[in-house]
Protein chains: 2
Amino acid sequence: MVSSVLKAIQILETLGNNENLGVTELSRNLEFPKSSVHSILETLASEGLIEKVPETSKYHLGLKLIELGNRAQLNLDICKISHPYLKNLNKLTDETVHLTVLDNDEVLYVDCIESEQWLRTYSVIGLRAPLYCTSVGKAVLANLDYSHALNIIREKGLQRITENTITDEKIMIKELETIRNKGYAIDNMEHEDQLVCVGAAIRNAKGEAFASISVSGPAARHNISNIDELGESVKEATREISWKLGYRSGSIN
Amino acid sequence: MVSSVLKAIQILETLGNNENLGVTELSRNLEFPKSSVHSILETLASEGLIEKVPETSKYHLGLKLIELGNRAQLNLDICKISHPYLKNLNKLTDETVHLTVLDNDEVLYVDCIESEQWLRTYSVIGLRAPLYCTSVGKAVLANLDYSHALNIIREKGLQRITENTITDEKIMIKELETIRNKGYAIDNMEHEDQLVCVGAAIRNAKGEAFASISVSGPAARHNISNIDELGESVKEATREISWKLGYRSGSIN
DNA sequence: AAACGAGGTTCTTATATAGGAACGTTGTTC
DNA sequence: GAACAACGTTCCTATATAAGAACCTCGTTT
C-alpha cells in the first residue's frame, strides 16, 4: 500500500464532492499535513487530473479524469453489453433508463439515457443510492443471499426518505419476496416524491445479481395498470443481458 | 512532485488504453520495477479506481473512476453551461452534437448528444482529436494567436488522414481566415470519410477560444446548401455560451 | 500604515518507500 | 511427470519523501 497514492485518491474524492478547495481546506478536511497536500496537488495537476485556478489557487477535478472515467465506462463489459438494451427500453417507453452496478452495498449509476419528455427523470451517472429504497437497489437486494441482504438492511438501516419509504424490516423482507416472484422491483415514490421506477437485476456468469436496469418517470404517467407492463419489458432486457454475460438460469425463471 | 502518484497516474492511463494488463505487462510498458507497480496497483484497487480480475490477476479501470469522471464533468463549468445548448442543437438538427475543449493542443470531447437517426456519428466522450482536421479543432485553431496556431500546425504537422485532409500549410492558413470570417469551421470529410461537421469556438471571459461545439453527420445529408445554415445555428449557440462565460465581444463579431 | 491573520510555499530530516533481487506459484513443454 | 518458463508476490535497504515548522504573500483590520 502506497500512502501518497492513497492520499491522492482521497484528495480526488474530496475535490469531487466540494469543488474549488485550496491547500489548507483540503488539509483540514482530510487531516493531512499541508505540505503533503501541496505536493500531491502539484503532481495531480501536472498530469491534468485536477486543475488549479491561478487566480484563487484553488483546485477542481480536471479534464484527464473525464477522459479516464469515460475510458473506464467503455471498458466496463456490463456497459458495453447493456447500452443497446437501454436504448431500446428508452425508445419503447420514452422514459429515462438507468444502468447501475452494485458497489459497496449501494447502487452506482453507470449509464443513463434520458427521456425526451419535458417532465423527466434527471441524468445521474456517477451518483450512488441506497439499495432499500430504489427499484434498481431492491431488484439487486432481492437476489442476494438472504443473510447478506439482511446484513445490509440491518447495517445500513431503513431510513425514511419519503412518505412511502419502506422502513419496516418485515415488510421489506416480504417486498423482496414479491420482487423475486415478479422478477422486477417497483419503487413507488420510496426514494423521491412523485418518482416511480421499475427495475430488474442482471446476473453474471456465476449467477450473482451485481447490476440492474430501471425505467423511471413521474408518478402521473405510471399507475398500477401500466407499471407491470414496463416491469416485464425491463425484466426481459435484463434476462437477455444476463444471458450474454454467460448466465444460464437453472430454473424456469 | 510525488513520484509514486505520478506512477499511479501513468498506470491508470496505460490501463485506459489497454484493458486487462497484469503486473509484468505494466512494468514492461512503463519501465517501472514490478514491485512498485504491484504496490501501486494494490493501492489503486483498494479504493476502486481499478479492479483486479481474480481469475487472471489482471487489472482494468474501476467504478470509482466512472464516478470521479462524471463528477469532473458535472463540475466543469463549460459542460454545465453548454449542455442545454447542445440539447437544443440536437433537437434542431437531429444530428450528433459534440462539445470539446482545447487540451494539450488537441481537442478533448467532453460532452455529446447523439442523433437518433440510424446513420449517425458515434459518441466519443473522452477521446481526443487533432486540431487541423476537425471542425471543432479548426474553429479553435482559427481563433488562437497567429503565432501560437502556426506553432501547433508546424509541430504537429498536417498529416493526411483522408482524401480531403488539408495538408498544405498555406491552404490551412487561408482556411483559418475563412473560418474567422464566417464564424464557423466546416470539416468536409477531412478526418473521416463520409463524415461532415460544422463547428464554432467558444470564448471565455478573457476572450480565449478554449472550447468548441460541432454538429456532425453523414455527407449524404449535408451538402453545400444546408451546411451554412447549420453553421449559423452552431455559431449562434457558441455566441450565447461565450456571453454566459463572461465574454463581451469588442468587435461587430 | 502597521500589525495581524489566513492562506500558499519552501525547507529539512526522521521515516516510509522504491526498486532490485530472491521467492512462490501456476501452467506449459518435452 | 519433471523441468522449465512466466508471472505474481514478498523481502530488504539505499533513497526519496511525508510532514512538521518556518517562511512568504496578500488581504483585512484598527
Side-chain angles (χ1 to χ4, degrees), chain A residues 1-62 64-65 72 75 77 205-206 246, chain B residues 1-62 64-65 72 75 77 205-206 246:
Chain A
M1 210 66 89
V2 185
S3 82
S4 55
V5 173
L6 209 65
K7 290 200 179 72
I9 296 171
Q10 289 175 271
I11 287 174
L12 289 177
E13 280 173 9
T14 310
L15 284 174
N17 296 326
N18 323 271
E19 48 181 327
N20 282 15
L21 295 179
V23 174
T24 308
E25 286 165 299
L26 279 165
S27 137
R28 262 203 299 266
N29 261 313
L30 293 163
E31 296 185 315
F32 299 159
K34 277 202 294 184
S35 54
S36 309
V37 172
H38 185 260
S39 58
I40 290 172
L41 286 174
E42 208 182 347
T43 311
L44 291 173
S46 78
E47 295 296 303
L49 294 219
I50 62 173
E51 272 160 41
K52 182 178 184 173
V53 181
E55 293 82 42
T56 60
S57 281
K58 292 188 184 302
Y59 297 81
H60 58 85
L61 299 184
K64 189 65 123 282
L65 270 180
N75 288 358
D77 277 347
K206 294 178 213 148
Chain B
M1 212 64 89
V2 185
S3 82
S4 56
V5 174
L6 209 65
K7 287 200 180 70
I9 296 171
Q10 289 176 269
I11 287 175
L12 288 177
E13 282 173 7
T14 309
L15 284 174
N17 295 326
N18 322 272
E19 46 182 328
N20 282 14
L21 295 179
V23 175
T24 308
E25 286 165 300
L26 279 164
S27 138
R28 262 204 298 265
N29 262 313
L30 293 163
E31 297 186 314
F32 300 159
K34 276 204 293 184
S35 54
S36 309
V37 172
H38 184 259
S39 58
I40 289 171
L41 287 173
E42 208 181 347
T43 311
L44 291 172
S46 78
E47 295 295 303
L49 294 218
I50 61 174
E51 272 160 42
K52 183 180 185 171
V53 180
E55 293 83 44
T56 60
S57 280
K58 292 189 184 300
Y59 297 82
H60 57 85
L61 298 184
K64 189 64 123 286
L65 270 181
N75 288 358
D77 277 346
K206 294 178 212 147

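Residue numbers start from 1 in every chain, and the chains themselves are labelled A, B, ... in the order their sequence lines are given, proteins ahead of strands.
In this entry the distance linking CG of B/Leu26 with P of C/dA18 reads 16 Å, nearest Å. Put simply, CE on B/Met1 is 16 Å from C1' on D/dA18, counting in whole angstrom units.
Among all heavy-atom pairs drawn from A/Ala72 and B/Leu65, the shortest one is CB-CB, 4.1 Å. Here the shortest heavy-atom pairing between B/Asn75 and A/Gly16 reads ND2-O, 3.9 Å. Across A/Glu42 and B/Met1, no two heavy atoms sit closer than the pair OE1-N, 3.8 Å. Residues A/Leu6 and B/Ser46 approach most closely at CD1-OG, 3.9 Å, considering heavy atoms.
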* To do: Take A/Val53 and A/His60, measure what side-chain contact (heavy atoms from CB on, under 4.5 Å) needs, and give me the verdict at the end.
  => CA-CA 8 Å; A/Val53 181; A/His60 58 85; 3.6 Å; yes
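Remark: of the listed residues A/Leu12, A/Leu15, A/Val37, A/Thr14, A/Leu15 is the sole one forming a side chain to side chain contact (heavy atoms under 4.5 Å, CB included) with A/Tyr59. Residue B/Lys58 is tested with B/Glu25, B/Glu19, B/Glu51 for a side chain to side chain donor-acceptor pair (under 3.5 Å); the sole match is B/Glu25.
Contact annotation: B/Ser36 does not reach the phosphate of C/dT17 (side-chain N/O to OP1 or OP2, under 4.0 Å).
A heavy atom closer than 4.0 Å to some atom of DNA chain D occurs in A/Lys7, these being the qualifying members of residues 6-14 of chain A.
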Once base and sugar-phosphate atoms are separated, protein heavy atoms under 4.0 Å mark nucleotides 7-12 of chain D, 5' to 3', with B, S and - as SBBB--
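For A/Ser39 (side chain) and B/Val2 (main-chain N/O), no donor-acceptor pair under 3.5 Å exists by modelled atom type.
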